[in-house]
Amino acid sequence: YYIGGAVEASSLSAHQLAAMDPDLDGDSDGVDISYLMRVVGNKYRFLANFSARSAPLSFRVSVLDAASEAPLPNQTAVSFEAGLVLNSMATTQVAVGSGQDTADGVVFQASHLESGVYESSIYSIVLTEPNPVGVVLIVTTFDALGTTSPERQFAFYCTRLLAPCLDLYGDSPEAFRPFQYVNVSQYTMPPTP
């Protein structure tokens, strides 16, 4: 009703408005309707929490399914693409998860820590980055057979690692649209045993 204009935003609570924006881009539109339908169809997850630290550089998210429960670990994967311009996997050491260079930085595959919680932690950044560094969050889901498809991937907000972003922005740096920003400086921490 809200998107169709039958209900005014002023008549809705902050919680109701937030619930109508599952892609967390600050508005309620057709993308949110599609997102909600895909959550119900177990193709997307709700992003319940996101946090980032700068030293050690780490990203942590919590995701939930349509029943507001943590999905099984084999049904969800999370990765973070950080727009590192001076550091690559040759100069970065990952403590939790794994990483791979991309055209726009480094993508870190998060490890499943506990019920619906995923984290990637980097314990060495050799060169100080121009700040802030943009971060794109990518959530991928898997069906009961363990397979996925492009329709099961969602980027907060865009990366050329996903076809819809390439279609929209082309194979250019314009396709890297960060969800959050974090300051990154040079540091080295001993790996945890």
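All values derive from a computational prediction rather than experimental measurement.
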(request) Might you point out which heavy atoms bring Ser120 and Phe80 nearest each other, and give the distance in Å? (result) CB-CD1, 3.9 Å
(request) Would you check if the side chain of Ser34 reaches a backbone N or O of Gly30 as a donor-acceptor pair within less than 3.5 Å? (result) no
(request) Check which hydrophobic residues are tied to Val136 through side-chain heavy-atom contacts below 4.5 Å, counting indirect links as well, and list them. (result) Val107, Ile138, Leu161, Leu162, Phe176
(message) Let me confirm one number: the CZ-OG1 distance from Phe142 to Thr147, rounded to the nearest 0.5 Å.
(response) 9.0 Å
(request) Please list, chain by chain and in numerical order, all residues satisfying ring pair (Phe, Tyr, Trp, His ring centres under 6.0 Å) with Phe46, sequence neighbours excluded. (result) none
(request) Sort and list the pairs that fulfil ring-ring contact (aromatic ring centres under 6.0 Å, His included) and have at least one residue in residues 7-42, not counting sequence neighbours. (result) Tyr35-Tyr44, Tyr35-Phe154
(request) Please tell me if the side chains of Leu36 and Pro22 come closer than 4.5 Å, counting only heavy atoms from C-beta onward. (result) yes
(message) Suppose we screen for side-chain contact (heavy atoms from CB on, under 4.5 Å). Which residues come up paired with Glu119, at least two apart in sequence or across chains?
(response) Arg60, Val96, Leu113, Ser121
(request) Assess whether atom CD of Gln100 is packed by more than 12 heavy atoms of other residues, nucleotides or ligands within 6.0 Å. (result) no
(request) Using modelled atom types only, decide if a donor and an acceptor are shared between the side chain of Thr140 and the backbone of Gln153 within a distance under 3.5 Å. (result) no
(request) Apply side-chain contact (heavy atoms from CB on, under 4.5 Å) to Pro73 and list each qualifying residue two or more places apart in sequence or on a separate chain. (result) His112
(request) Flag the pair Tyr181 / Val135 as yes when at least one side-chain heavy-atom distance between them is below 4.5 Å, and no otherwise. (result) no
(request) State whether the side chain of Ser54 and the backbone N or O of Leu57 hold a donor-acceptor pair below 3.5 Å, judged by distance alone. (result) no
(message) With salt bridge (charged side-chain N to carboxylate O under 4.0 Å, His left out) as the rule and sequence neighbours excluded, what pairs involving residues 164-175 come up?
(response) Arg160-Asp171, Glu174-Arg177
(message) Rounded to the nearest 0.5 Å, what separates atom NZ in Lys43 from atom OG1 in Thr148?
(response) 9.5 Å
(request) Would you give the length of the straight line joining atom CG of Asp29 to atom CG of Asp21, rounded to the nearest 0.5 angstrom? (result) 7.5 Å
(request) Output the distance between atom OG1 (Thr92) and atom CD1 (Ile125), rounded to the nearest 0.5 Å. (result) 4.5 Å
(message) Enumerate the disulfide (SG to SG under 2.5 Å) contacts for residues 138-171, please, sequence neighbours excluded, ordered by first and then second residue.
(response) Cys158-Cys165
(message) For Phe179 together with Tyr157, are the ring centres under 6.0 Å from each other?
(response) yes
(request) Please round to the nearest 0.5 Å and tell me the distance separating atom CG of Asp101 and atom CG of Asn87. (result) 10.0 Å
(request) Find the distance between CG (Leu84) and OG1 (Thr91) and round it off to the nearest 0.5 Å. (result) 8.0 Å
(message) Within the 4.5 Å heavy-atom criterion, are Ser58 and Ile122 side-chain neighbours or not?
(response) no
(request) Dump the intermediate steps for side-chain contact (heavy atoms from CB on, under 4.5 Å) on Leu47 and Val61, then the final yes or no. (result) CA-CA 7 Å; Leu47 178 59; Val61 297; 3.9 Å; yes
(message) Just to verify, what does Ala70 make a side-chain contact (heavy atoms from CB on, under 4.5 Å) with, not counting sequence neighbours?
(response) Ser115
(message) According to salt bridge (charged side-chain N to carboxylate O under 4.0 Å, His left out), who are the partners of Glu151, at least two apart in sequence or on a separate chain?
(response) none
(message) Is there a side-chain contact between Phe50 and Leu24 in this structure, where contact means two heavy atoms from C-beta onward sitting under 4.5 Å apart?
(response) no
(request) Go through the side-chain N and O atoms of Gln109 and Ser79 and say whether any donor and acceptor fall under 3.5 Å apart. (result) no
(request) Using a 4.5 Å cut-off on heavy atoms from C-beta on, say whether the side chain of Gln180 contacts that of Leu137. (result) no
(request) Examine distances only and state if a side-chain atom of Asp23 and a backbone atom of Asp32 form a donor-acceptor pair shorter than 3.5 Å. (result) no
(request) With sequence neighbours excluded, give me every side chain to side chain donor-acceptor pair (under 3.5 Å) pair touching residues 66-77. (result) Arg45-Thr76
(message) Under 4.5 Å side-chain heavy-atom separation, chaining through any Ile, Leu, Val, Met, Phe, Trp or Tyr, what else clusters with Tyr169? Say none if it is isolated.
(response) Leu168
(message) Applying salt bridge (charged side-chain N to carboxylate O under 4.0 Å, His left out), can you list everything that pairs with Glu129, at least two apart in sequence or on another chain?
(response) none
